[in-house]
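Note that ligands are numbered from 1 as they come in the structure, with each ligand's atoms numbered from 1 the same way. For this chain, numbers begin at 1 and follow the sequence in order.
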Amino acid sequence: MAYPIHQLKRLRKNANIRRMLRETSFSVDNLVMPFFVKEQASSKKTIDALPGQFQHSLKTLLSEVKQAYILGIPAVLLFGIPARKDLQGSGAYTEEGIIQQATAAIKKKFPDLIVITDVCLCEFTSTGHCGIIKDNLSSKRLNQVYLDNEATLTLLAKAALSYAKAGADMVAPSAMADGQVSLIRKILDENGFNHVSIMSYSAKYASSFYGPFRQAAESAPKFGDRRTYQLDVANTRQAMQEIAYDIEEGADIVMVKPALAYLDIIWQARTKFNVPIAAYNVSGEYAMVKSAGQLGWLNSLETTKEILTSIKRAGADIIITYHALEIAKYLRGK
Ligand code: PBG
């Protein structure tokens, strides 16, 4: 055989050399744990499509957040399910709303834990849509759902301000309303919350991977779908535009969501932009691993480590994942 013969196997010969040469790693430091909290719930309730995750009561939320805190998870992301939904999604921005209550309760007990609140109306509207719907002729004729951007923006900003007042460290607008970052930044600043940061769900695709989340948050659209406002799954350039606009509007952190089927988008964003990038390892990605694991078709812990490593390798700084608690336990040897 001709020389030289390249043999990278020499560098894989045992755990120590592999460890020494490992290019990518993730730690608890990079993880954000999402939680669902339900208004007026008296105990926690399992979620069929998200094994190991719960719709929490305020009380059970606090005990689970405590676990995350003790394990060193730096941040939690809150989703609320209101007792009643209405057309205007008022549960999102009423001062005694469930997110506001949960935020205040967490910050009281764990002042230095980063509390991030999702800013969207879909859990709160009776339509299940992320904003106020334009109920006009063209939408009916085309059988499409159009958001009333102005009306939606006003309510999103109101929600963000109420979360900041409750003590949120960071707000995460996820409705895909145009201009949402800019208006939220303005309202926060005008009210003395210039220290509250914005993590924008910038490149949020109209994905089937959100299915289990919609069961967990009781937020499935009652009619139509979200394709008129979320990104088309086939598009890269529009994702880069969304991210660029959000940075211009004042986003401190931008997000790509989902993560696993969109590693190329994370990578491109990493090469193009210098702000921190968050990746959302969404409910469907979690559910696939968990269900195959339960069937014995794969090792769910090993698969999870591989997935989180790949998301880091693609360029994400932060990973929002339902696996955060279990992975933190594993990394801490618990
Ligand atoms: C919107 C929102 C959604 C998710 C996070 N924020 C759902 C949607 O757009 O339908 C999905 C997250 C997941 O699937 O884990 N409030």
Side-chain angles (χ1 to χ4, degrees), residues 31-38 47-55 76-82 85 89 91-93 97-99 116-125 127-133 145 147 152 155-156 159-160 163 170-177 180 184 198-233 242 253-262 278-291 304 307-308 311 318-325:
L31 303 179
V32 177
M33 178 72 196
F35 286 111
F36 301 97
V37 56
K38 186 163 181 169
I47 302 161
D48 290 345
L50 285 178
Q53 306 300 313
F54 302 91
Q55 284 185 339
V76 297
L77 172 61
L78 300 181
F79 295 99
I81 305 134
K85 302 186 188 238
Y93 43 85
I98 184 63
I99 294 285
I116 312 171
T117 57
D118 189 76
V119 181
C120 192
L121 300 184
C122 66
E123 298 101 299
F124 302 95
T125 48
T127 60
H129 279 286
C130 300
I132 302 305
I133 306 259
V145 172
L147 290 190
T152 301
L155 299 182
L156 292 172
Y163 304 147
M170 197 181 282
V171 293
S174 77
M176 293 298 278
Q180 57 185 7
I184 289 173
I198 300 179
M199 172 167 73
S200 181
Y201 286 71
S202 307
K204 179 175 181 183
Y205 285 89
S207 168
S208 305
F209 285 99
Y210 309 151
F213 173 95
R214 292 176 185 172
Q215 188 190 88
E218 301 177 13
S219 65
K222 295 287 181 298
F223 50 88
D225 55 38
R226 307 210 201 289
R227 287 171 214 249
T228 54
Y229 47 98
Q230 297 180 342
L231 268 168
D232 189 290
V233 300
E242 293 277 6
I253 301 175
V254 295
M255 191 197 301
V256 175
K257 173 183 174 212
L260 198 49
Y262 298 83
Y280 199 141
N281 176 222
V282 299
S283 59
E285 301 172 45
Y286 173 90
M288 287 196 302
V289 172
K290 284 289 171 187
S291 52
T304 300
I307 289 172
L308 298 183
I311 297 171
I318 300 169
I319 307 175
I320 302 161
T321 177
Y322 304 95
H323 294 290
L325 258 182

Enquirer: May I ask whether Y286 places a heavy atom under 4.0 Å from ligand 1?
Expert: no
Enquirer: Going by the atom numbers of ligand 1, which of them fall below 4.0 Å from some non-hydrogen atom of C120?
Expert: 1 (C), 16 (N)
Enquirer: Is it true that K85 and E123 have a side-chain N and a carboxylate O under 4.0 angstrom from each other?
Expert: no
Enquirer: Out of K204, Q215, E123, indicate the one that has the non-hydrogen atom closest to atom 1 (C) of ligand 1.
Expert: K204
Enquirer: Between Q230, K257, R214, M255, flag the one that comes closest to atom 6 (N) of ligand 1 by a heavy atom.
Expert: K257
Enquirer: Using the benzene-type ring in the case of Trp, are the ring centres of Y93 and F124 under 6.0 Å apart?
Expert: no
Enquirer: Is a side-chain donor-acceptor pair under 3.5 Å present for Q53 with Y286?
Expert: yes
Enquirer: Mark up the atoms of ligand 1 that fall under 4.0 Å of a heavy atom belonging to F79, in ascending order.
Expert: 5 (C), 6 (N)
Enquirer: Going by the atom numbers of ligand 1, which of them fall below 4.0 Å from some non-hydrogen atom of Y322?
Expert: 12 (C), 13 (C), 15 (O)
Enquirer: Where on S283 is there a heavy atom closer than 4.0 Å to ligand 1, on the side chain, on the backbone, on both, or on neither?
Expert: both
Enquirer: Measure centre to centre between the rings of F79 and F213, then say whether the value is under 6.0 Å.
Expert: yes
Enquirer: Would you please determine whether R226 falls within less than 4.0 Å of ligand 1 on a heavy-atom basis?
Expert: yes
Enquirer: Roughly how far, to the nearest 0.5 Å, is the OH atom of Y322 from the CE atom of M33?
Expert: 8.5 Å
Enquirer: What is the nearest protein non-hydrogen atom to atom 12 (C) of ligand 1, stated with its residue, atom name and distance?
Expert: F213 CD1, 3.4 Å
Enquirer: Compare all side-chain heavy atoms of D118 with those of L78 and state whether any distance is below 4.5 angstrom.
Expert: no
Enquirer: Where is the nearest protein heavy atom to atom 16 (N) of ligand 1: which residue, which atom, and how far?
Expert: D118 OD2, 3.0 Å
Enquirer: Could you tell me, atom by atom, which parts of ligand 1 come under 4.0 Å of a heavy atom of Y280?
Expert: 12 (C), 15 (O)
Enquirer: State whether Y210 and K257 meet the cation-pi test: NZ (Lys) or CZ (Arg) under 6.0 Å from the six-membered ring centroid, and within 45° of the perpendicular axis.
Expert: yes
Enquirer: Check for a donor-acceptor pair, side chain of H323 on one end and backbone N or O of N281 on the other, with a separation under 3.5 Å.
Expert: no
Enquirer: Going by the order shown, which atoms of ligand 1 are within less than 4.0 Å of some heavy atom of C122?
Expert: 1 (C), 16 (N)
